[in-house]
Participant: 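Structure incoming, see below.
Computed from a predicted model, the values in this text were never measured in an experiment.
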Amino acid sequence: MQASEPGSSCGSRDAIEAEAARLLARLNSAPSPQDEASICEWIESDPRHAVAFARAEAAWEAAERLKSAAADVTLPPMAQIVSEEQQRRLSRNILVAAAVAVMLFIVAAIVTVRTFSGVDRYETAIGEMRDIALDDGSTLHLNSDSEAEVRFTDNGRKVRILKGEASFQVAHDRSRPFDVEARSAVIRAVGTAFNVRMRPSIVELTVTQGTVTVHSGGSVGQKVPAGSGAVIQPRSIALTHLGPKLIGQRTAWREQMVELDGETIDQAAGEFNRYRAAPILIGDTRVSALRIGGRFRTTDSREFLSALQLSLPIRAVDGEDGSVMLLYRDDEPAETGNTASE
């Protein structure tokens with residue numbers, strides 16, 4: 001069996017899902033080791049294949065639930081008028097359907113274990129950053145409070161970001177694409193450098209070297225070159241051009257810095273809270289809209305708090321739990337255009 005290329009007849013979503021279903025059926029009919037290897041190769045050859053296969057597995061889980069319901073079926077009183085032979089045939093059909101559902105579920109479980117075995121998991125605590133040298137020569141950089149899974153095979157290299165932010169320097173290997181999954185997004189690279197941040201409702205991509213291809217859900221893949229970025233939602237990808245200053249701001253964490261350029265105090269506090277166990281809180285709505293610029297160490301938020309109090313009508317009140325409350329200082333007029341000096 002040949003693995004389907006993205007541009008072949010299996011390139012459309014319907015064709016890919018049909019192929020995934022066919023391969024699952026093949027696994028249910030005593031496949032040879034060569035068949036199993038070929039099926040795994042097909043799954044790993046394209047991010048859309050893996051998505052379609054996962055959908056098929058979910059369908060099988062639903063079949064298992066149906067099987068359980070069928071096993072609890074009690075014939076209604078009217079069934080007493082049916083002949084014993086008909087009742088035996090009906091029971092036999094229910095048992096056969098249940099057995100098929102069980103077999104499909106077992107096969108799906110085997111494939112899932114086979115597909116996701118050999119996973120290495122990396123994580124960072126709040127305030128911690130890690131540089132991880134991967135087996136292929138690539139480097140994974142994890143920001144504070146982040147988590148990722150890595151699995152390499154002979155056919156591909158896959159990283160799944162579970163939370164937080166990660167930066168990648170990908171070793172060139174055209175025979176083994178490097179895929180990064182973040183929610184619905186799949187970012188494919190061969191030899192590039194890029195940054196992926198999981199925000200509450202979007203995935204933010206920043207490409208600093210080379211070109212990557214991005215898929216999200218069933219959307220058509222889009223190429224994102226160096227100096228550009230993308231805002232990724234489950235079914236949409238919006239490309240953006242980024243200047244050197246904005247790229248430097250997005251990747252400043254690699255130098256353990258937070259770089260601000262006119263962000264609101266609410267936004268700035270959110271950035272520093274990524275590195276603090278006890279948060280900076282906004283205690284007055286008049287504080288939220290004030291703006292600040294500057295470059296501050298992630299390991300020293302006191303520097304940031306001092307800049308706020310020196311340059312803006314803000315006072316910081318320490319809490320017993322280590323948190324800091326930002327309040328408006330009434331002895332100076334509020335001007336939302338005020339910006340702390342760098």
Side-chain angles (χ1 to χ4, degrees), residues 2-8 11 37-38 40-51 115-122 124 129-143 146-162 164-183 185-198 203-216 219-230 232 237 239-244 246-248 250-255:
Q2 299 295 325
S4 300
E5 296 297 328
S8 68
S38 182
C40 284
E41 181 180 353
W42 183 86
I43 295 171
E44 295 172 350
S45 66
D46 191 305
R48 295 172 296 177
H49 296 180
V51 171
T115 301
F116 295 102
S117 61
V119 172
D120 295 318
R121 177 171 292 195
Y122 304 97
T124 54
M129 298 180 189
R130 291 182 65 184
D131 294 337
I132 300 125
L134 303 179
D135 292 342
D136 68 330
S138 300
T139 304
L140 164 64
H141 309 276
L142 282 182
N143 201 351
S146 299
E147 187 174 354
E149 292 179 342
V150 178
R151 188 179 72 90
F152 287 173
T153 68
D154 292 338
N155 301 314
R157 301 171 288 173
K158 297 185 183 296
V159 177
R160 179 180 298 170
I161 302 176
L162 303 177
E165 183 171 19
S167 182
F168 301 88
Q169 291 176 295
V170 180
H172 185 85
D173 186 348
R174 189 167 295 279
S175 65
R176 290 199 306 163
F178 194 104
D179 290 338
V180 174
E181 299 176 11
R183 299 197 185 105
V186 178
I187 302 157
R188 170 163 287 194
V190 175
T192 54
F194 57 96
N195 192 86
V196 179
R197 179 173 178 179
M198 295 179 68
V203 174
E204 179 185 271
L205 168 67
T206 304
V207 182
T208 57
Q209 179 183 334
T211 300
V212 303
T213 302
V214 184
H215 293 269
S216 182
S219 66
V220 176
Q222 298 195 43
K223 293 187 180 299
V224 186
S228 298
I232 308 167
I237 302 170
L239 303 186
T240 57
H241 176 72
L242 309 174
L246 184 53
I247 289 179
R250 289 188 177 186
T251 58
W253 68 268
R254 291 284 310 282
E255 302 172 15

Participant: Which pair of heavy atoms, one from Thr240 and one from Ala230, lies closest together, and at what distance?
Facilitator: OG1-N, 4.0 Å

Participant: Once you round to the nearest 0.5 Å, how far does OG1 of Thr139 lie from CZ of Arg130?
Facilitator: 13.0 Å

Participant: Counting C-beta onward and ignoring hydrogens, is there a side-chain heavy-atom pair between Val186 and Val214 closer than 4.5 Å?
Facilitator: no

Participant: Apply side chain to side chain donor-acceptor pair (under 3.5 Å) to Glu255 and list each qualifying residue two or more places apart in sequence or on a separate chain.
Facilitator: Arg295

Participant: How close do Ala166 and Trp253 get, counting heavy atoms only, and between which atoms?
Facilitator: C-CZ2, 4.2 Å

Participant: Do we see a donor-acceptor contact under 3.5 Å between the side chains of Arg188 and Thr213?
Facilitator: no

Participant: Which residues pass the side chain to side chain donor-acceptor pair (under 3.5 Å) test with Ser216, sequence neighbours left out?
Facilitator: Ser184

Participant: Is the shortest heavy-atom distance from the side chain of Gln169 to the side chain of His141 under 4.5 Å?
Facilitator: yes

Participant: Side chains of Val180 and Ile161, heavy atoms from C-beta outward: is any pair under 4.5 Å?
Facilitator: yes

Participant: Please check if any side-chain donor atom of Ser138 sits under 3.5 Å from a side-chain acceptor atom of Asp136, or the reverse.
Facilitator: yes

Participant: Hey, mind stepping through Glu165 and Met198 against side-chain contact (heavy atoms from CB on, under 4.5 Å) and telling me if it holds?
Facilitator: CA-CA 6 Å; Glu165 183 171 19; Met198 295 179 68; over 6 Å; no

Participant: Distance from Leu134 atom CG to Tyr122 atom OH, nearest 0.5 Å?
Facilitator: 6.0 Å

Participant: List in chain and number order the residues that pass salt bridge (Lys or Arg N to Asp or Glu O under 4.0 Å) with Asp120, two or more places apart in sequence or in another chain; answer none if no residue qualifies.
Facilitator: none

Participant: Checking Thr208 side chain against Ala193 main chain: does a donor-acceptor pair fall under 3.5 Å?
Facilitator: yes

Participant: Can you name the salt bridge (Lys or Arg N to Asp or Glu O under 4.0 Å) partners of Arg197, sequence neighbours left out?
Facilitator: Glu271

Participant: Quick check: closest heavy atoms across Val190 and Arg157, and the distance to 0.1 Å?
Facilitator: O-NH2, 3.3 Å

Participant: For the residue pair Gly227 and His241, what are the closest heavy atoms and their distance?
Facilitator: O-ND1, 3.6 Å

Participant: Enter the distance from Leu140:CG to Ile132:CD1 here, rounded to the nearest 0.5 Å.
Facilitator: 4.0 Å

Participant: Determine whether Met129 and Thr124 make a side-chain contact, defined as any pair of heavy atoms from C-beta on separated by less than 4.5 Å.
Facilitator: no

Participant: How close do Asn143 and Ser146 get, heavy atom to heavy atom, and via which atoms?
Facilitator: O-OG, 3.0 Å

Participant: Run the numbers on Ile237 and Leu205 for side-chain contact (heavy atoms from CB on, under 4.5 Å), then give the verdict.
Facilitator: CA-CA 10 Å; Ile237 302 170; Leu205 168 67; over 6 Å; no

Participant: Going by the rule side chain to side chain donor-acceptor pair (under 3.5 Å), which residues pair with Glu147 if we only count those two or more places apart in sequence or in a different chain?
Facilitator: Arg121

Participant: Thr153 vs Asn155, test: side chain to side chain donor-acceptor pair (under 3.5 Å). Steps then yes/no.
Facilitator: CA-CA 5 Å; Thr153 68; Asn155 301 314; 4.8 Å; no

Participant: Out of curiosity, Arg160 CZ to Arg183 CZ, how far, rounded to the nearest 0.5 Å?
Facilitator: 14.0 Å

Participant: Where is the tightest heavy-atom contact between Ala148 and Val159, given as atom of each residue plus distance?
Facilitator: CB-CG1, 4.2 Å

Participant: Could you grab the distance from atom CZ of Phe152 to atom CZ of Arg176, nearest 0.5 Å is fine?
Facilitator: 6.5 Å

Participant: Set out, in order, the CA-CA distance, both residues' side-chain angles and the distance that settles side-chain contact (heavy atoms from CB on, under 4.5 Å) for Thr192 and Phe178, then state yes or no.
Facilitator: CA-CA 9 Å; Thr192 54; Phe178 194 104; over 6 Å; no

Participant: My understanding is that only residues two or more places apart in sequence, or in another chain, count here; which of them pass salt bridge (Lys or Arg N to Asp or Glu O under 4.0 Å) with Asp131?
Facilitator: none

Participant: Is there a side-chain contact (heavy atoms from CB on, under 4.5 Å) between Asp179 and Ile187? Walk through the geometry before answering.
Facilitator: CA-CA 6 Å; Asp179 290 338; Ile187 302 157; over 6 Å; no

Participant: Hydrogens and angles aside, do His215 and Gln222 bring a side-chain donor and acceptor to less than 3.5 Å of each other?
Facilitator: no

Participant: Drop me the distance from Glu181's CD to Leu162's CG, to the nearest 0.5 angstrom.
Facilitator: 10.0 Å

Participant: Side chains of Glu204 and Arg250, heavy atoms from C-beta outward: is any pair under 4.5 Å?
Facilitator: yes

